[in-house]
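A short worksheet on the structure shown next.
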Amino acid sequence: GTSSLQLGTTVLSLNTLERYVWDLTVWSNALTANAELLIYTSDLARGVRGEEFVGHLSELIGVKVAASRSKTGNSLLGGNWNLELQTLPCQTLPVFTSETLAAYDALL
């Protein structure tokens with residue numbers, strides 16, 4: 001995995017997080033202490049760099065973050081919908097219905 005997240009034209013990674021501290025502080029101020037950020041994308045939390053990225057993002061925003069260490073999406077393509085890495089246990093239920101997940105035919 002690339003251990004990065006693209007938001008519009010912005011790429012967040014271990015190398016760029018410090019550039020966006022101000023923007024992430026705005027997120028932090030807009031969220032409650034109980035907020036959780038669930039990131040549905042493939043391989044974001046894979047390996048040491050992925051874990052570091054997710055942990056650092058969680059610290060900067062001040063909320064729990066969950067992300068995947070594997071492919072995310074259709075099981076026939078090797079994916080799943082598990083967010084295997086959680087900075088602290090997350091309570092938020094999956095945002096998609098089981099029917100939506102079963103019908104999704106690609107990887108994220």
Side-chain angles (χ1 to χ4, degrees):
T2 60
S3 301
S4 65
L5 179 64
Q6 184 159 353
L7 301 171
T9 59
T10 299
V11 177
L12 293 178
S13 70
L14 276 175
N15 296 331
T16 64
L17 272 178
E18 295 303 324
R19 288 186 222 160
Y20 298 104
V21 168
W22 173 256
D23 300 292
L24 295 172
T25 301
V26 171
W27 288 15
S28 178
N29 292 337
L31 299 171
T32 68
N34 295 326
E36 298 173 345
L37 178 60
L38 280 57
I39 305 174
Y40 285 92
T41 189
S42 292
D43 301 322
L44 181 65
R46 181 177 297 232
V48 173
R49 288 186 61 80
E51 289 182 22
E52 285 183 42
F53 171 70
V54 171
H56 197 58
L57 181 62
S58 176
E59 290 171 7
L60 288 173
I61 300 174
V63 300
K64 300 174 191 174
V65 176
S68 181
R69 288 184 168 129
S70 60
K71 292 180 182 175
T72 301
N74 186 284
S75 62
L76 295 175
L77 299 174
N80 64 57
W81 295 100
N82 302 326
L83 300 178
E84 297 92 355
L85 177 67
Q86 298 181 12
T87 55
L88 288 170
C90 291
Q91 305 301 316
T92 302
L93 296 173
V95 295
F96 306 109
T97 65
S98 57
E99 293 81 13
T100 300
L101 298 179
Y104 193 80
D105 63 356
L107 295 174
L108 296 174

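Residues take their numbers from the sequence shown, with the count starting at 1.
With T25 contributing its side chain and V21 its backbone, the two residues share a donor-acceptor pair below 3.5 Å. At distances below 3.5 Å, not a single donor-acceptor pair connects side-chain atoms of K64 with backbone N or O atoms of Q86. A donor-acceptor contact shorter than 3.5 Å links the side chain of E36 to the backbone of T92. Using modelled atom types, one side-chain atom of T97 and one backbone atom of T100 make a donor-acceptor pair closer than 3.5 Å. No donor-acceptor distance shorter than 3.5 angstrom exists from the side chain of E52 to the backbone of V54, with no hydrogens or angles considered.
Closest approach of L85 and A45 over heavy atoms only: CD2-CB, 3.5 Å. Nearest heavy-atom pair across R19 and N15 is NH2-O, 4.2 Å. The two residues L83 and I39 have their closest heavy-atom pair at CD2-O, 3.4 Å. Closest of all the heavy-atom pairs between S3 and R49 is OG-C, 3.8 Å. Annotation for L93 and L38: closest pair O-CD2, 4.4 Å, computed over non-hydrogen atoms.
Looking at heavy atoms from C-beta onward, L24 lies in side-chain contact with L17 at the 4.5 angstrom threshold. Side-chain contact between W81 and L108 is present, with at least one heavy-atom pair separated by less than 4.5 Å. No side-chain heavy atom of L31 sits less than 4.5 Å from a side-chain heavy atom of L37.
Cluster membership for L7 and V63, using ILVMFWY side-chain heavy atoms within less than 4.5 angstrom, is shared. Taken together through direct or relayed side-chain contacts under 4.5 Å among Ile, Leu, Val, Met, Phe, Trp and Tyr, L14 and L57 form part of one hydrophobic cluster.
Judged as a ring pair (Phe, Tyr, Trp, His ring centres under 6.0 Å), the pairs with a partner in residues 28-72 (not counting sequence neighbours) are, in order, Y40-F96.
Once rounded to the nearest 0.5 Å, the distance linking OG1 of T10 with OH of Y20 reads 4.5 Å.
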Atom pairs and distances, donor-acceptor, side-chain atoms in residues 66-74, under 3.5 Å, two or more places apart:
| from | atom 1 | to | atom 2 | distance (Å) |
| --- | --- | --- | --- | --- |
| S68 | OG | S70 | N | 3.0 |
| S68 | OG | S70 | O | 2.8 |
| S68 | OG | T72 | OG1 | 3.3 |
| S68 | OG | E84 | OE1 | 3.1 |
| R69 | NH2 | E51 | OE2 | 3.1 |
| S70 | OG | N80 | ND2 | 3.3 |
| S70 | OG | E84 | OE2 | 2.8 |
| T72 | OG1 | T41 | O | 3.1 |
| N74 | OD1 | L76 | N | 2.7 |
| N74 | OD1 | L77 | N | 3.4 |
| N74 | ND2 | Y104 | O | 2.8 |

